[in-house]
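Keep in mind that what you see is a predicted model, and the values were worked out from it rather than measured.
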Amino acid sequence: MHNTKDVNSVCVIGGGVAGLVTAKALLSRGFSVSLFEERGEIGGLWSDNYYNVAVQADKLLYEYPEKAFPENVSRLASATEILAYLNEFAKEHNLLPCCKLRHKIVEVSRPKETVPWTATYTNSGGEILQEEFDFVVVCTGLLGKPSIPDFHGLSCFKGRVLHSTEWKSPQEFHDKKVVVIGNGKGATDAVVGALSPARQVHQVCVV
């Protein structure tokens, strides 16, 4: 186990729900924190996801212990409401000064345990830079990167292939034949969103 007495600077990767509360906890204990977020704003998947996305369970399961959701937020809060809540949390705890937006970590490494970690990242201008840290906390979550299976014949398909996170408007399905592959929440939301604008909608459930 790492001796925290030797830790001063901490690199937090990811500016979503986990990254923000991690930065808050570290700052409150006197650590120097740099939070790297590749998007242009904090919020993680709540800042950039598919059309009309919302939570799947009661908002109480998504709130931080030290901050309740406003009473006017719907029980199944929308992405807009979640994002507003996260921004308020960040402002209340003065987290924004330590957030490096449009900064993408491409590698973290250290040759041995007795030396600091080296974080290699690209900044908003595309430059590749390096910075040393005593500790690294990865808060990128499980759903940060779209996963599209390599189905047989997919390369021959003439239409558009997109992941649910890339769907931004129902009009993208206007007068089209749509096949939704999957039976999770994102797939179900896509089916419902496509029913009105699309010519045909088929759902292929994966078991």
Roughly how far, to the nearest 0.5 Å, is the [atom2] atom of [Y] from the [atom1] atom of [X]?
X: Leu26; Y: Ser9; atom1: CG; atom2: OG; result: 11.0 Å
X: Leu195; Y: Phe173; atom1: CG; atom2: CZ; result: 10.5 Å
X: Glu38; Y: Lys100; atom1: CD; atom2: NZ; result: 15.5 Å
X: Thr118; Y: Arg110; atom1: OG1; atom2: CZ; result: 10.5 Å
X: Leu27; Y: Thr22; atom1: CG; atom2: OG1; result: 10.5 Å
X: Phe151; Y: Phe157; atom1: CZ; atom2: CZ; result: 12.0 Å

For a 4.5 angstrom cut-off between non-hydrogen side-chain atoms, does [X] reach [Y]?
X: Ile105; Y: Cys11; value: yes
X: Leu86; Y: Tyr62; value: no
X: Leu20; Y: Tyr64; value: yes
X: Asp189; Y: Asn52; value: no
X: Trp46; Y: Val17; value: yes

Are the side chain of [X] and the backbone of [Y] linked by a donor-acceptor contact shorter than 3.5 Å?
X: His93; Y: Leu95; result: no
X: Tyr121; Y: Glu131; result: no
X: Glu37; Y: Ile42; result: no
X: Lys168; Y: Asn49; result: yes

Worksheet item: Between Glu66 and Glu92, is a side chain to side chain contact (heavy atoms under 4.5 Å, CB included) present by the stated rule, with each step listed?
Response: CA-CA 11 Å; Glu66 59 269 61; Glu92 288 174 6; over 6 Å; no

Practice prompt. Give me the ring orientation class for Phe133 and Phe36: parallel if the planes are under 30° apart, tilted from 30 to 60°, perpendicular past 60°.
Written response: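 Answer is perpendicular, since the angle exceeds 60°.
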
When clusters are formed by joining ILVMFWY residues with side-chain heavy atoms under 4.5 Å apart, either directly or through shared neighbours, do [X] and [Y] land in the same one?
X: Leu45; Y: Leu76; answer: yes
X: Val21; Y: Leu61; answer: yes
X: Ile181; Y: Val192; answer: no

Over all heavy atoms of both residues, which pair between [X] and [Y] is shortest? Give the atoms and the distance, please.
X: Leu101; Y: Gly40; value: CD1-O, 3.4 Å
X: Ser164; Y: Gly186; value: CB-O, 4.4 Å
X: Lys185; Y: Ala54; value: NZ-O, 3.2 Å
X: Gly43; Y: Leu83; value: CA-CD1, 3.7 Å
X: Pro170; Y: Gly193; value: CB-O, 4.0 Å
X: Pro149; Y: Leu154; value: O-CD2, 3.6 Å

Worksheet entry | Test salt bridge (Lys or Arg N to Asp or Glu O under 4.0 Å) applied to Glu41 - qualifying residues, sequence neighbours left out |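 Partners of Glu41 under the salt bridge (Lys or Arg N to Asp or Glu O under 4.0 Å) test: none.
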
Worksheet entry | For Glu172, all residues meeting salt bridge (Lys or Arg N to Asp or Glu O under 4.0 Å), sequence neighbours excluded |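 Residues passing salt bridge (Lys or Arg N to Asp or Glu O under 4.0 Å) with Glu172: Arg160.
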
Would the number of heavy atoms belonging to other residues, nucleotides or ligands and lying under 6.0 Å from [atom1] of [X] be above 12?
X: Lys177; atom1: NZ; value: no
X: Arg199; atom1: CZ; value: yes
X: His163; atom1: NE2; value: yes
X: Ile128; atom1: CD1; value: no

Worksheet item: Could you walk me through whether Glu81 and Lys59 pass the salt bridge (Lys or Arg N to Asp or Glu O under 4.0 Å) check?
Response: CA-CA 10 Å; Glu81 291 171 319; Lys59 67 183 181 182; over 6 Å; no

